[in-house]
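Counting from 1, the numbers follow the sequence of the chain as shown.
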Amino acid sequence: MSFMRLGEEKYKSLGIPYQMEAVRLQRRAFQRRVEEIARYFNSRGIHCLVGTKEKEESQPE
C-alpha cells in the first residue's frame, strides 16, 4: 500500500501541475503502521497479508 508518485512524469509532460507534489511519506514508519493494523485484524480472525504474493511464497514455512 505504499504511496507511489505514479503519474507525476505524465503531469509534467502535459504541463499540468501535480497536486500531490508536497506529499512525502516516511516509508518505514508507514510500513510499521500498516503491519500493526494487519496484526490487529489477524488477531481477530480476519486474514490480512502485508506485502506481495511473491514475498509470501518466498518465505520458508
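- Residues Arg33 and Glu36 are paired through a salt bridge, judged by an N-O separation under 4.0 Å between the basic side chain and the carboxylate.
- A continuous path of Ile, Leu, Val, Met, Phe, Trp and Tyr side chains, each step under 4.5 Å between heavy atoms, connects Ile46 with Ile37, placing both in one hydrophobic cluster.
- Put simply, CD on Glu21 and OH on Tyr11 are 12.0 Å apart, with the number rounded to the nearest 0.5 Å.
- In terms of heavy-atom proximity, Val50 sits nearest to Glu35 at CG1-CG, 4.0 Å.
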